[in-house]
Each structure stands twice: as structure tokens, then as C-alpha cells.
2 protein chains.
Amino acid sequence: MSCTKILLEKGYRVTPQRIMVVDALHSVETHISAEEIFNKLKEKYPYANISTVYRTLELLKELGLAAQIDIGDGIARYHAKEHSKHHHLVCNKCGTIIDLPETELVPLEKALLRNCRFKADLSHLAIFGICSNCQ
Amino acid sequence: MSCTKILLEKGYRVTPQRIMVVDALHSVETHISAEEIFNKLKEKYPYANISTVYRTLELLKELGLAAQIDIGDGIARYHAKEHSKHHHLVCNKCGTIIDLPETELVPLEKALLRNCRFKADLSHLAIFGICSNCQ
DNA sequence: GATGTAATTGCAAATGGTTGCAATTAATAT
DNA sequence: ATATTAATTGCAACCATTTGCAATTACATC
């Protein structure tokens, strides 16, 4: 199921700007910042607008089509959710980002539901610490 | 051990601005934003400066005296670390923040070290989801 | 295909937070 | 008590992101 189809189905308009943001997001396997998406867009369409990029990313996030991670440098990064579900281990020393399969957090998810009756959304999380190289 | 003593010991200066930020941070049991601290400061000392507030909070964080949480509204909040170690469960529907004792995350911490050789710093974390009332 | 309308965009201004740099000052040595 | 000096502050400019609003446009209906 493509992102644009889901947009249409949910009653959102499929505009050229939105198509270009979706394309840019899917053009990378890893995460990408709004600024980087904006620059890719401008190559094709010089009138591209940064606030529309942010608004589209926000919408994709709401629809569960994109995930946002914050690795602590003040710049939000995004990736298409279909590009594998995983978490991020961010090293506080060297900045390396290690991908962690989502299964690693299933026990925590269950414990929070059992002990706190809290339905945690642990679909994308950044965990900070020190990687094996830097220890 | 007071914050100001630790500052001195580590070779940092104890300035009036820093004392006031520390006081403001300790004056609340819960978390507080930089803006709120700044407003408290201005009541006492009208020449207070917001960038010094941010820099002091950053320093306290580095020294492990304060913790920062981001509950997803784009505003960073801080609390004195001695005010109990805990995590935050943030409800995506009603915005309620539930405190979670740190022991709840010990199994995850151990699993990450064992499986990924990653020394996670899970001292303060915000976990998003749906609280029991909103489910 | 033309028309109506609500969703979306583009702009400019605002927000929360950070930074470079010259001026000031807390702590140290005298 | 004074002088020295490196740490800290205050300012203004900057950055990433958000928002209000008027202009535009994708889609639905005829």
C-alpha cells in the first residue's frame, strides 16, 4: 500500500508537494532531516517551501507512515516506517547510531501494560548511552 | 551535597545567576521549563538572561545534577536529579504524565548490555503511549 | 468540462533554543 | 586589599521549527 493511496483513502489531498516529500523520504534507507528533504525537493521544484515539508512530515507521522527520531543534536530526523521497524541506540561519545530490532523492547512493553496499565507506543525510540567501542 | 558545592569542587564558578537557576530548579518537585525558570529569576533579578539559564541547565545536566525530558511539545523540561530518579509515561491523548520508578527499566538495561554490548543511560526517559483512563 | 468548497500552500512573523564575541567578574595568587 | 586571568555573562544574531492568514488548488458534484 503506497503512502499516496493511504492519503487519498483517509480524505487527504494528494498534492505535488506531498508526493515529492514522500518520494524524498523513501529515497533513503536511513533517516533524513527536514532540511535534507527540502534540499532534494528544491532540485526538482525550486519553489518548494520548508513549512510544507514540516507539515507533510507531521501528517505522515500522524498516519503512522513515518517515524521521527531525535538523536539529541536539536535536528529532527525522519524515516518511512515501512523501512523496517527498529529503535536507535545513540552513542553519547562518538554519535554512532546502532539499529536495534523492535523485539528487544517487547518485554518492557508487556511490563508497562501489566504493572501500570499503560499502553506504550515503543515503535520508534532513541536510547542514549555508550557504545561498545567507546566504553 | 549541594549543587553549588559540586560546581566549586569541579572548578566551575558559583555566580549569582547560577545560584538562582539552581534555586528555581529545586523550588519545584516536578519538572520545569527554561522559560518558567527564567520568569522566576526575573522576579528577583530583572536583568536575568535567558541564554544564561539555558547554559546553566546544560551544565547541570553535564554534571548529572539535573535531567532533561522532552514530552513531545517542543519544550524541554528539567528537574533536579535528587528529586527522585524516575521515568515519565506521557499519554498521547490527554497529556497526563505518570512517574515510573527507574527499577522498571532495569531488565531492558541489562538486555542491551548483554545483547548489544551497549551501556544505556536510562536514568531519565519519556515513553509515549495511552494511559489507562484513555484506553 | 466547469463550478464550488474545504483542504492545502506560501509567506512572513513568531517561538524555543543556541552561539560567537566583547565586556564583565569570581576565584586565585600576590 | 589588589592585581591577574580564565570563566562567565549579556547581547544580538542565528538556527530549526511552528503558526496565522490570505491566496491557491485538488477533489467532488453537477
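Each chain gets a letter, A, B and so on, in the order the sequences are listed, and its residues count up from 1.
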From [atom1] of [X] over to [atom2] of [N], roughly how many Å is that when rounded to an integer?
X       : N      : atom1 : atom2 : value
A:Ile19 : C:dT9  : CD1   : C1'   : 14 Å
B:Met20 : D:dT8  : CE    : P     : 16 Å
A:Leu7  : C:dA6  : CG    : P     : 21 Å
B:Leu8  : C:dA27 : CG    : C1'   : 8 Å
B:Phe38 : C:dG17 : CZ    : C1'   : 13 Å
B:Glu58 : C:dG16 : CD    : P     : 18 Å
A:Ile50 : C:dT9  : CD1   : P     : 14 Å
A:Glu35 : D:dT18 : CD    : P     : 13 Å

Closest-nucleotide 5' rank along DNA chain C - winner of B:Tyr12 and B:Arg77 = B:Arg77

Sequence-distant partners of A:Arg77, salt bridge (Lys or Arg N to Asp or Glu O under 4.0 Å), two or more places apart = A:Asp73

Ignoring hydrogens, what is the shortest heavy-atom contact between [X] and [Y]? Give both atom names and the distance.
X        : Y       : value
A:Cys134 : A:Cys91 : SG-SG, 3.9 Å
A:Arg13  : A:Arg18 : O-NH1, 2.8 Å
A:Ile75  : A:Ser33 : CG2-CB, 3.8 Å

Show me the donor-acceptor pairs within less than 3.5 Å that the side chains of residues 59-69 of chain A make with the rest of the protein, sequence neighbours left out.
unit_1	atom_1	unit_2	atom_2	d
A:Lys61	NZ	A:Glu58	OE1	3.3
A:Lys61	NZ	A:Gln68	OE1	2.4

Quick one: list whatever passes ring-ring contact (aromatic ring centres under 6.0 Å, His included) with A:His88, sequence neighbours left out.
-> A:His31, A:His79, A:His86

Which residues pass the side-chain hydrogen bond (donor to acceptor under 3.5 Å, both in side chains) test with B:Asn49, sequence neighbours left out?
-> B:Ser51

Which nucleotide in the list C:dA27, D:dT17, C:dT8 gets nearest to the side chain of A:Arg18?
-> C:dT8

Are OP1 or OP2 of [N] and a side-chain N or O of [X] less than 4.0 angstrom apart?
X       : N      : answer
B:Thr15 : D:dT9  : yes
B:Thr52 : D:dG10 : yes
B:Tyr45 : D:dG10 : yes
B:Tyr54 : C:dG17 : yes

Spell out protein contact along nucleotides 19-24 of chain D as letters: B when the base is contacted, S when just the sugar-phosphate is, - when no protein heavy atom is under 4.0 Å; keep the 5' to 3' order.
-> BB----

NA contact type, A:Tyr78, heavy-atom cut-off 4.0 Å: base, sugar-phosphate, or nothing?
-> nothing

Please, which pairs that meet salt bridge (Lys or Arg N to Asp or Glu O under 4.0 Å) have at least one residue in residues 126-135 of chain B, sequence neighbours excluded?
-> none

Taking side chain to side chain contact (heavy atoms under 4.5 Å, CB included) as the test, write out the residues that go with A:Tyr54, two or more places apart.
-> A:Ala34, A:Ile50, A:Tyr78

Where along residues 61-71 of chain A does a heavy atom fall under 4.0 Å from DNA chain C?
-> none

List, one per line, each side-chain donor-acceptor pair under 3.5 Å for residues 106-122 of chain B, sequence neighbours excluded.
unit_1	atom_1	unit_2	atom_2	d
B:Asn115	ND2	A:Glu104	OE2	2.6
B:Asn115	ND2	B:Ala111	O	3.4
B:Asp121	OD1	B:Ser123	N	3.2
B:Asp121	OD1	B:Ser123	OG	3.0

